Participant: 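This is the structure I want to talk about, given as structure tokens.
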Amino acid sequence: MKRFDLIALTGLSWLSYTFAGYALEDSLSEKGIDAKRLHEAPYNLLGRKISIGQVEIGRPKKFGLDKLSPLHRKLPIVRLFYRDQPAISNTHIDNHAMMVAGVMVSNSKKLPGVAPSANLYVGAIGSLKTAKQPEECLTIQNIASQNGNTVQAINLSFGESLARDEREKPLLDGNALFTQCVDWSARVHNVLYVVAGNQGMGGIPIPTDNYNGITTAYSRRQDGVFRKVDFANLSVSVRGVAKALISQEINVGDRRSIGLLAPGNRIRVYNLDGKIETVSGSSFASPHVTATVALLQEAGNRFFSQGKFLDTDYRQAEVMKAILLNSADKLQDKGDGNLLGMTRTVLTQKNSTWLESDAYLNPKIPLDMEMGTGHLNAMRAYKQLSAGKWNYLDKVPTMGWNYDTMTENTVHDYIIDTPLKAESFINITVTWHRKVGLNDKNKNNQYDLGENFINEGLNNLDLYLINNDKKEETVCSSISEVDSVEHIFCPIPVTGEYKIRVKFTEKENDSVQPYAIAWHGASISE
């Protein structure tokens, strides 16, 4: 059996085990996502009292429920489920699920997780012989509903092959039942779904074609730093024999899959028996992103209790997505702040940088095919969050975020209160949700087996950077017609006053559209 056939049957991402590797803690260091600094003073962020979720084919073991080996590493798992029912002891145990959970919440001093004090809720789907997309939807809905609907992010390190999709001519067009379920739940339950990003060659493409979550590719080290897209990410353009097969399993049209890059090559984690294994795959990149949300949410709660945040809009899934995407590393700053303090230059498989990407050169393409908006950086995400919420009705600082609503054919202008520096760059991200409705046959306001979803379409928002000193000259823009993200990373041509414009260009469903925006520029005083 070929490797990609095995992947399609198991539903797991591209996964390998080796005998040499790096400590998980290393992927949390400045060489990885820089989360270790957030664990320490003065930040002291560990994900305390924050609920996150995990859904996979199987589940980890839990102390008090399952038979454990003497070396088993206890994880802060609150509850375990089999689909929408409590898990039964010693059933549906899975080593892959255990290792993914460890990336998120391991509280071992030797191999700590990203958010070692977060509360983890886990759902197992069960054997793929009896579980298909309806059962997968039932499982994620159950996890999203836990702890009074306060689960902030859910990790999906598994997926479905198009070969198992029951549509007559299945494509990655966002309309598989499970993909629609993810987008519906993201909006209804206010959850950020983080999906392991394998597409092509019989991989696990469903639900990597989601709109409302973040699909994650994985990086490997170059020059000691996680900054290069790994060869096993299959969402890249290809030629030759594999082209026909892969073209069926990447997103249709111009819409991109990958939102972020995160460490996933040669990561050391504890297995079910408490022994260390070295693993690779997007399965281990996505939990870095999911657990970073827990750190940000703990920080948000602290800012709110201190009065720095006046409301809890930081808990909106769109806000978390905008902050994570906008704070990603692209090009290493030289120390002058022109590249916004970015810590690494990210390389594609062919050693190209963001400046060579069509996402940089074409305003209709907001995301790079291989790296999305760049590499996850938890510290920069923290700084983006801590810059605070700012309303477009007032002038705004060079760094901040907002959550708001707008109506069809209107614009929101964010006027930056200090001149931006010539030759510096500005980063701006807008995110909003595709609207997927539930065909709720029994009117109980939840998904039940046998029900389906209705794609109500995606309203079209556009994003512009405008020079306020030159009769509203547009400096750069992001005007995708198919994505639920707009992203700008562009240089400031001349020192002066600028404003960011968000435009509700075209209505497909509701005339009122919630959105989140995050921005980061450099002023002449910085």
Side-chain angles (χ1 to χ4, degrees), residues 23-30 32-55 59-65 68 72-81 97-123 143-144 146-155 157 191-192 194 262-263 267-270 274 284 286-306 308-309 312 314-315 317 320 323-324 376-379 381-383 385-386:
L24 173 60
E25 183 177 353
D26 208 36
S27 72
L28 308 189
S29 73
E30 294 181 33
I33 68 171
D34 203 5
K36 186 65 176 173
R37 274 201 294 165
L38 292 177
H39 292 175
E40 300 167 348
Y43 310 103
N44 298 311
L45 297 173
L46 299 172
R48 300 174 188 88
K49 299 182 180 180
I50 304 301
S51 298
I52 57 177
Q54 175 187 9
V55 174
R59 63 170 179 85
K61 289 183 178 180
K62 186 176 187 241
F63 180 80
L65 177 66
L68 306 176
H72 177 80
R73 303 286 174 162
K74 183 179 178 182
L75 297 176
I77 298 171
V78 179
R79 294 193 68 186
L80 289 165
F81 296 91
M98 181 72 189
M99 295 187 293
V100 170
V103 174
M104 292 189 280
V105 297
S106 169
N107 48 23
S108 161
K109 290 183 179 181
K110 185 176 183 179
L111 293 179
V114 178
S117 294
N119 297 323
L120 184 63
Y121 293 82
V122 183
I143 297 300
Q146 294 305 308
N147 199 30
N149 290 317
T150 62
V151 175
Q152 296 294 324
I154 296 177
N155 192 79
S157 287
V191 173
L192 181 62
V194 184
I267 306 294
R268 296 180 74 201
V269 291
Y270 289 113
F284 305 100
S286 58
H288 282 84
V289 181
T290 305
T292 296
V293 173
L295 300 183
L296 298 179
Q297 288 297 313
E298 183 185 5
N301 287 346
R302 186 178 300 169
F303 294 143
F304 180 66
S305 67
Q306 294 169 346
K308 181 177 179 179
F309 289 175
T312 57
Y314 62 90
R315 295 176 184 168
M320 282 292 100
I323 284 174
L324 288 166
L376 173 67
N377 187 316
M379 175 56 75
Y382 170 83
K383 292 177 180 179
L385 174 69
S386 64

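Bear in mind the structure is a predicted one, so any value in this text is a computation, not a measurement.
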Participant: Could you tell me which non-hydrogen atom of I52 sits nearest to which non-hydrogen atom of A294, and how far apart they are?
Facilitator: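 I52 and A294 have their closest heavy atoms at CG2-CB, 4.0 Å.
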
Participant: Could you name each residue pair satisfying side-chain hydrogen bond (donor to acceptor under 3.5 Å, both in side chains) that touches residues 289-299, not counting sequence neighbours?
Facilitator: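 Of all non-adjacent pairs touching residues 289-299, those that pass side-chain hydrogen bond (donor to acceptor under 3.5 Å, both in side chains) are R48-E298, N155-T290.
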
Participant: Give the minimum heavy-atom separation between A115 and A291, together with the two atoms involved.
Facilitator: CB-O, 3.6 Å

Participant: Enter the distance from Q54:CD to L80:CG here, rounded to the nearest 0.5 Å.
Facilitator: 9.0 Å

Participant: Considering all heavy atoms of both residues, which atom of A381 and which atom of I323 are nearest to each other, and what is their separation?
Facilitator: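 The answer is O-CG2, 3.5 Å.
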
Participant: Got V114 and L295 here, is their nearest side-chain heavy-atom distance under 4.5 Å?
Facilitator: yes

Participant: For the CG atom of L324 and the CG atom of L296, what is their distance to the nearest 0.5 Å?
Facilitator: 6.0 Å

Participant: Begin with the C-alpha distance, continue with both residues' side-chain angles, and end with the deciding distance and a verdict on ring-ring contact (aromatic ring centres under 6.0 Å, His included) for F309 and F304.
Facilitator: CA-CA 5 Å; F309 289 175; F304 180 66; 8.2 Å; no

Participant: Taking only residues two or more places apart in sequence, or in another chain, which ones meet N301 in a side-chain hydrogen bond (donor to acceptor under 3.5 Å, both in side chains)?
Facilitator: Y314, R315

Participant: What are the two closest heavy atoms between H288 and S27, and how far apart are they?
Facilitator: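 Distance-wise, the nearest heavy atoms are NE2-OG, 2.8 Å.
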
Participant: Once salt bridge (charged side-chain N to carboxylate O under 4.0 Å, His left out) is applied, do any residues pair with R73, and if so which ones, sequence neighbours excluded?
Facilitator: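 So R73 forms no salt bridge (charged side-chain N to carboxylate O under 4.0 Å, His left out) with any residue.
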
Participant: Sorted by first residue and then second, give each salt bridge (charged side-chain N to carboxylate O under 4.0 Å, His left out) pair with at least one member in residues 111-122; sequence neighbours left out.
Facilitator: none

Participant: Which residues pass the salt bridge (charged side-chain N to carboxylate O under 4.0 Å, His left out) test with K36, not counting sequence neighbours?
Facilitator: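 In terms of salt bridge (charged side-chain N to carboxylate O under 4.0 Å, His left out), with neighbours along the sequence ignored, K36 is linked to E25.
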
Participant: With K74, which residues qualify under side chain to side chain contact (heavy atoms under 4.5 Å, CB included), at least two apart?
Facilitator: F63

